[in-house]
Participant: 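Questions regarding the structure given below will be posed in turn.
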Amino acid sequence: MGVISKVMVEITSTKRTTLYRMLEGCTLETALTQARRESDDDFSVTDLLIEDRPARLVAGTITTRAKWATDLKLLTGQSVSLNNSSPGAALLIQEASDVIWAITWGTGFHFLDTEQIDFGFGSGIVARSALPTEVKSLTKTILDHRARVDRSSMPNGSTIRDLGVDGYGEVVSRIEAKAQIPNLAVGDKVIQLRAADSLNVPLAKSPAKLIEDLKVLEKLSHGAVISGLESLEQLVALKPQDSRVPALDQRLVDALKSGHAHRLGIAWPHERLDAYAPVMSVKVTGFGDRKRRVSELAPDIADVIDWFRAVPREAVLDRLKSVRVELHSEAEPQETSLSASAVPLRRWLAFEVEEGNRRFCLHDGRWYRMDDKYLARIDERVAEILEEPASLVLPPWGTESEEQYNKAAAQAVSGFSLDRKLISTPLHSRGGIEPCDVFVAPGVLVHVKRGRSSADLSHLLAQGLVSTDALARDENARAAWRKRITEESGGQVKDARIEEVVLAIGSERPVTVDTMFTFTKVNLVKQFDALRYLGVQVHVIRIEPPR
């Protein structure tokens, strides 16, 4: 009986807790949003001590009117007055080493300044404590110019590789796994960890033991990564106070003011957006000129460069923080139609640069150093891909448009131009898909793009994957494809096969490992592996300019 009582005491002395670690240099005041730094009619802000550590408690209730009341009145003519009440609290604790911890309840996470949260803390703890074969779910963001995020789960647990992380240009932003963390109040038993911007972990409920738990986690965060979990940290985040950050920021300014998008692109900050309604419009604010900037789609990098043409160089970095992108659930943005919190423009940018013989990338507003082994692995794979010769050579590409070039190229290689000639399938009924730009019988599909930027090349690779994947897997797509080729060839080709995909890049420079943007190389490796799995040969060639 005594043993049972002891176990019960251990269980009830801890509770699952949502824990944040704030960035170095943060204070009890700056950790909070401006609206939650002082008490008001709805919220109380109290300074206190937790085991002699300075602490601050913010608690209150957010009350809002039901958004659907207006719609209800329009339909029924009846007015209703209903409110939503959302209580929350946030407790900030300052450790002796100047680390600021934040524990939140309810809507308390809204009280924290997201710009001050250490987003790598949670996944870092998982990388140092998880059982490598007991990863249950994860969300990964692909470092690319497109909006792509993948979520995978295996309820019984598996390895990171089994869940689809191959280590090429991926940042794991959410992960759930079983782990063991010795010396926590919960004991040495296997526990469940959930990590994203925060860490959900069983922590002690008493002040003294909670402080001890925080010390254990802080020490663990500086330990070695467990074998098999290295891909969780293939990109090493630089602290804001890192001496390299100012120089890297100036390289970003150089890129924005240069007028072109070399190694610069747009990447959706998915985990920060946390969209809770469909996005119908995008509004960009914070320029200080009162101009209205609303569109159906998120801005592309050409828009961003145009916005900064007239901005003085010394004001660019501040403007990247003040300009915010809002996603709205209605075509006409209103204060009540926000479908996600406004996110600073800086967090929408993807940028890569070399500084001091090291490669760095900007992702989600923060600088990361790319692991040398990771880069070497990608370069080795890309070099192998580029070495394989294609079955054809395309003619030079001068000043003519892509459409004009495709017609000329098709004639030169005895093929057929299919540029902008789509096929429709049940899976691609909205707009259809473009099988290729040029087809050479019996089974060579050529995709052509002028390689001005990383976005252009990534688009070429994506186009090749989407169309070939559909043709290789979908019988309806193959039937539509054969019909299209029969029509275009005047009946000469009746059995169009899918044996080889040629990704043809119009470029003044040779296409090599050194001339390609890392994000593009990552994309190439992924597309290459996907198509080879389907039994399709993949080749990359350069279309030279006229001599």
Side-chain angles (χ1 to χ4, degrees), residues 34 113-115 141 143-148 240 245-275 279-335 337-353 355 360-368 450-459 517 519-520:
Q34 194 72 39
D113 185 346
T114 57
E115 299 299 298
T141 301
L143 291 186
D144 193 4
H145 75 288
R146 296 168 295 149
R148 181 180 171 189
V245 168
L248 293 172
D249 278 345
Q250 289 306 311
R251 296 290 296 274
L252 174 61
V253 174
D254 291 340
L256 285 168
K257 299 297 289 182
S258 68
H260 61 83
H262 180 58
R263 295 190 174 185
L264 180 66
I266 294 291
W268 283 55
H270 295 276
E271 297 306 323
R272 291 185 182 269
L273 290 175
D274 197 20
V279 178
M280 301 298 293
S281 64
V282 179
K283 181 179 179 181
V284 184
T285 65
F287 288 92
D289 55 9
R290 298 189 178 183
K291 288 185 178 179
R292 180 178 172 82
R293 293 176 175 84
V294 177
S295 62
E296 292 184 7
L297 304 174
D300 60 27
I301 197 60
D303 295 325
V304 175
I305 289 176
D306 188 55
W307 294 339
F308 281 83
R309 291 186 192 280
V311 176
R313 180 184 176 86
E314 61 274 13
V316 168
L317 293 176
D318 288 337
R319 189 66 58 86
L320 286 174
K321 296 177 181 178
S322 65
V323 173
R324 292 178 174 258
V325 180
E326 299 178 358
L327 305 185
H328 287 263
S329 60
E330 298 177 6
E332 188 65 26
Q334 305 291 332
E335 186 175 347
S337 67
L338 270 175
S339 62
S341 302
V343 174
L345 179 60
R346 180 184 174 98
R347 297 198 177 278
W348 285 77
L349 297 181
F351 180 52
E352 180 190 342
V353 66
E355 186 78 14
F360 298 88
C361 71
L362 181 74
H363 174 70
D364 192 32
R366 295 190 63 185
W367 285 104
Y368 293 81
R450 198 185 292 274
R452 293 192 179 95
S453 69
S454 178
D456 290 335
L457 302 185
S458 294
H459 175 75
F517 188 16
F519 292 169
T520 302

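For the numbers below, each heavy atom of this structure counts, side chains included, while hydrogens, waters and symmetry mates do not.
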Participant: Do Lys321 side-chain atoms and Pro344 backbone N/O form a donor-acceptor pair below 3.5 Å?
Facilitator: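 Checking the backbone N and O of Pro344 against the side chain of Lys321, no donor-acceptor pair under 3.5 Å is found.
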Participant: Side chains of Asp254 and Arg313: closer than 4.5 Å at any heavy-atom pair?
Facilitator: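 Contact flag for Asp254/Arg313 side chains = yes.
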Participant: In the structure I gave you, are the side-chain heavy atoms of Val311 and Leu256 within less than 4.5 Å of one another anywhere?
Facilitator: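 The answer is no, as the side chains (C-beta and beyond) never meet within the 4.5 Å cut-off.
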Participant: State whether the side chain of Lys283 and the backbone N or O of Gln334 hold a donor-acceptor pair below 3.5 Å, judged by distance alone.
Facilitator: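 No.
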Participant: Please report the shortest heavy-atom distance between Pro333 and Ser281, naming the atom on each side.
Facilitator: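 Distance-wise, the nearest heavy atoms are CG-OG, 3.4 Å.
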Participant: I want to check something: taking the side chain as every heavy atom from C-beta on, are Leu362 and Arg346 in contact at a cut-off of under 4.5 Å?
Facilitator: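 Heavy-atom side-chain distance check passes, below 4.5 Å.
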Participant: Do the side chains of Leu264 and Leu252 get nearer than 4.5 Å, heavy atoms only?
Facilitator: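 Side chain of Leu252 against side chain of Leu264, heavy atoms only: contact under 4.5 Å found.
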Participant: When you compare the side chain of Trp348 with that of Val323, does any pair of heavy atoms fall below 4.5 Å?
Facilitator: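 They are not in contact (no side-chain heavy atoms under 4.5 Å apart), so the answer is no.
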Participant: Working to the nearest 0.5 angstrom, can you tell me the gap between Leu317 CG and Gln250 CD?
Facilitator: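 Separation between the atoms: 5.5 Å.
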Participant: Please report the interatomic distance CZ(Phe351) to CG(Asp249), rounded to the nearest 0.5 Å.
Facilitator: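 So the CZ of Phe351 and the CG of Asp249 are separated by 10.0 Å.
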Participant: Within the structure provided, determine whether Val325 and Val343 are in side-chain contact (heavy-atom separation under 4.5 Å).
Facilitator: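 Not in contact.
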Participant: So which pairs with a foot in residues 298-308 pass side chain to side chain donor-acceptor pair (under 3.5 Å), sequence neighbours left out?
Facilitator: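 Counting only pairs at least two positions apart or across chains, the side chain to side chain donor-acceptor pair (under 3.5 Å) contacts touching residues 298-308 are Asp306-Arg309.
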Participant: Find the distance between SG (Cys361) and CG (Leu248) and round it off to the nearest 0.5 Å.
Facilitator: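 Cys361 SG to Leu248 CG: 10.5 Å, rounded to 0.5 Å.
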Participant: Does Glu332 reach the side chain of Val294, with side-chain heavy atoms less than 4.5 Å apart?
Facilitator: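 A side-chain contact under 4.5 Å is absent here.
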Participant: For residues Arg319 and Phe287, report the shortest heavy-atom separation together with the two atoms involved.
Facilitator: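 Minimum heavy-atom separation between Arg319 and Phe287: NH1-O, 3.8 Å.
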Participant: Could you check whether any side-chain heavy atom of Leu320 comes within less than 4.5 Å of a side-chain heavy atom of Phe308, counting everything from C-beta outward?
Facilitator: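 SC-SC contact between Leu320 and Phe308 confirmed.
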